[in-house]
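Working notes, beginning with the structure itself.
Side chains included, hydrogens not; waters and symmetry mates left out as well; all remaining heavy atoms used. So you know, we letter chains A, B, ... as the sequences are listed, proteins then strands, and number each from 1.
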2 protein chains.
Amino acid sequence: MSTIEDVAKLAGLSRTTVSRVINNHPYVSEDKRKLVIEAMNQLGYVPNSSARSLRSQKTDVIALFVPRIMNPFFSQLVESMEMAAAEKGYQLIICQTRYSPEKELNYMNLLKTKQVDGVILASIQNEWKVLEPFLDYGPIVLCNEFDEQANVPSVMLDQAQGGYIATKHLLEQGHRRIAYCQGGTRSNVASHREIGFRRALLEYGIEFEERYAFRDAFSSEDGRRVFHQMMKLSAPPTAVFTGSDEVAAGIVSEAIKCGYSVPEQLAVVGFDNQAITELMEPTITTVHQPVEKMAHKALEVMVEKIRSRKYRRREVYEFPIELIVRESTVSNRLAK
Amino acid sequence: MSTIEDVAKLAGLSRTTVSRVINNHPYVSEDKRKLVIEAMNQLGYVPNSSARSLRSQKTDVIALFVPRIMNPFFSQLVESMEMAAAEKGYQLIICQTRYSPEKELNYMNLLKTKQVDGVILASIQNEWKVLEPFLDYGPIVLCNEFDEQANVPSVMLDQAQGGYIATKHLLEQGHRRIAYCQGGTRSNVASHREIGFRRALLEYGIEFEERYAFRDAFSSEDGRRVFHQMMKLSAPPTAVFTGSDEVAAGIVSEAIKCGYSVPEQLAVVGFDNQAITELMEPTITTVHQPVEKMAHKALEVMVEKIRSRKYRRREVYEFPIELIVRESTVSNRLAK
DNA sequence: CGTGTAAGTGAAATCGTTTTCATATTTGAA
DNA sequence: TTCAAATATGAAAACGATTTCACTTACACG
């Protein structure tokens, strides 16, 4: 475990010069540079990152907060974010809040203790006023989240548009009784989708009916349950918009099992464009979210904020969302 | 951003005493302890982790190497590992090798630069002799991997058993022409499953036929392709063992689409017990891997190795694997 | 009453870098 | 030829904690 001092001695130079070589500072002559590099190789030297961080007051590490990783949406977010980070020479520390405000608050200390240069929140469990004080210790960037109060950058997807285009698609297929199915009421993501959903109905002069709304659907099991709840209604819906492919898959799966035909008797649209939507029979119409683009942008913004140190300003970056039409909303049995 | 010095001054004590309070050392009188704690609260002080790491030569950070996160098996591994780490007061840095030896080698420098206390490899892309030298800088623990050469702890699942019980199940259902379908030949995971597969056949006096083997199936698309390749064979298999639920789902999906009935005309067994196996129609028989247990054990072993500093010894911890029988191998249409 | 041990505290060294500041040399323009 | 700017190097301070070592006081025991 050699130190910069060892390298300096072997090269017959000062620590300063070695440091300059390591950091590509100008003002090092070519011959000394070679001496240093040779000495470093000979000793197998690599700089100690704690020492570096301590002196230069940066860690090149960013913390990413997610509720949990298994959720495919967040898997993809983490995957994309890690790649974006690697590209820029940053490491990513993963923090699973598991929907707990306490855990979230606890992880926030990474910023305070200077273990990370910044925090990207892809999930918010506390009120903003609780999180705000941490801004004294470094930048916070919201990703796929948004808070009215928060005076920080926010990189997000146009969820309202997502709800809108999916619903409009169903309306165009002739449906008039459309159920609304969503989980995670906490998040503004859900509420924005509902705004889009309502806007589409409004355009067609249809009233939003609360009895068609199911706001506690997270898993495929929930989807199965919701299917039965819907079908028990008088004048059951002929189509359903869901905020999750898993829920959509549950609904489709249960419908088929019960002898219903999809989309003829019930059209279903999911959200997220997960792998499963292409595997089900019928395949499921869904809304594709450009997660990778969002992740890259969020990381890019974070890196910029770390550099500039001006991060107490709201900036919103929004990406468009795209409908992918598959069999669960359009009957193409004839074509087969 | 106050330092330990500030706290010491405010409390009218020395840095040493403050440090003792922070680290719960004995030999601090109760009244001084109170003074220190009050001063810390008043200043909102938290110790700087870079300074701590530098002096105490540990970071309380562990690196986890995975090929990629989106793969549900690894999602679950990362999720479980993060929780285990949090429990023990460690942070997790995620490293996606994306199956690249260069990326893996590059991430290994985290150990050399002392940015992490240890590395857990849930994926190995380089020869062991390439990785071995890094042991000079800290412990390496294998998780779900194994290497003949590696003189380090290895926490794994009994993959051979997995291949065995799944295959035996098919044999018990009366199948005699069973296809073998696998991706990732690099990994010993695949080869161990094949060992189990072959052992089961052997017990039934059946010869392993290479023409029934497909070793390049990773995705559901590959599954669709393999389905057609299988069915084109003379005397096509009546059952197929796959090393992945995604592939199994692809096979099932394509079979149904082409008018085949599962399991009557083709029985399919997957691997991983992913969510999708319960959503497909029919549901898919699969092999459940106790990923969470494995992750916890791997982290536990790692923490112990960090403490003891004796980690250049092979130790193998193996967990049993379990078959979950569903509709894709057992006809229960009658029951419906 | 002496003395060995435990309890309590602080000064200073230390961890391994980067940064600041000082200084020497070279270059180029007037 | 002169002198300011650019280039090149090193000594020492700084980053913020923990650890070592030395020292004092209190207490128990023979």
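- Residues meeting the side-chain contact (heavy atoms from CB on, under 4.5 Å) test with B:A122, sequence neighbours left out: B:L64, B:V66, B:F74, B:L77.
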Practice task
Indicate for each nucleotide in nucleotides 15-20 of chain C, in 5' to 3' sequence, whether protein heavy atoms under 4.0 Å reach the base (B), only the sugar-phosphate (S), or nothing (-).
Solution key: BBBBBB
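- Heavy atoms from other residues, nucleotides or ligands lying under 6.0 Å from CD of B:E300 number more than 12.
- Judged by distance alone, with hydrogens and angles left aside, the side-chain atoms of B:Y311 form no donor-acceptor pair with the main-chain N or O of B:V141 at under 3.5 Å.
- Applying side-chain contact (heavy atoms from CB on, under 4.5 Å) to B:M81 and the options B:I120, B:I62, B:V291 leaves one that passes, B:I120.
- Annotation: side-chain contact (heavy atoms from CB on, under 4.5 Å) contacts of A:N109 (sequence neighbours excluded): A:N106, A:K112, A:F134.
- With a 4.5 Å cut-off on side-chain heavy atoms, A:K58 and A:I306 do not count as touching.
- Between B:T17 and C:dG10 there is a side-chain N or O to OP1 or OP2 distance below 4.0 Å.
- Helix-axis bend for the helix from C:dC1-D:dG30 to C:dA30-D:dT1: the local axis fitted to the five terminal pairs at one end deviates from that at the other end by 30°, rounded to 10°.
- Judged as a salt bridge (charged side-chain N to carboxylate O under 4.0 Å, His left out), and not counting sequence neighbours, the contacts of A:R15 are A:E5.
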Side-chain donor-acceptor contacts of residues 32-41 of chain A below 3.5 Å, not counting sequence neighbours, with atom names and distances?
| unit_1 | atom_1 | unit_2 | atom_2 | d |
| --- | --- | --- | --- | --- |
| A:N41 | ND2 | A:I37 | O | 3.4 |

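- Along DNA chain D, the stretch of nucleotides lying under 4.0 Å from any heavy atom of chain B spans, 5' to 3', D:dG16 to D:dT20.
- Interface residues of residues 26-41 of chain A facing DNA chain C, ordered by number: none; criterion, heavy-atom separation under 4.0 Å.
- Listed by first then second residue, pairs satisfying salt bridge (Lys or Arg N to Asp or Glu O under 4.0 Å) with a partner in residues 302-314 of chain A read A:D136-A:R312, A:K305-A:E315, A:R313-A:E315, not counting sequence neighbours.
- Listed by first and then second residue, the salt bridge (Lys or Arg N to Asp or Glu O under 4.0 Å) pairs that reach into residues 90-107 of chain A are A:R98-B:E79, sequence neighbours excluded.
- A:S50 pairs by the side-chain contact (heavy atoms from CB on, under 4.5 Å) definition with A:N48, B:S53, B:L54, B:T59, not counting sequence neighbours.
- Residue pairs meeting the salt bridge (Lys or Arg N to Asp or Glu O under 4.0 Å) criterion with at least one member in residues 147-157 of chain A, sequence neighbours excluded, do not occur.
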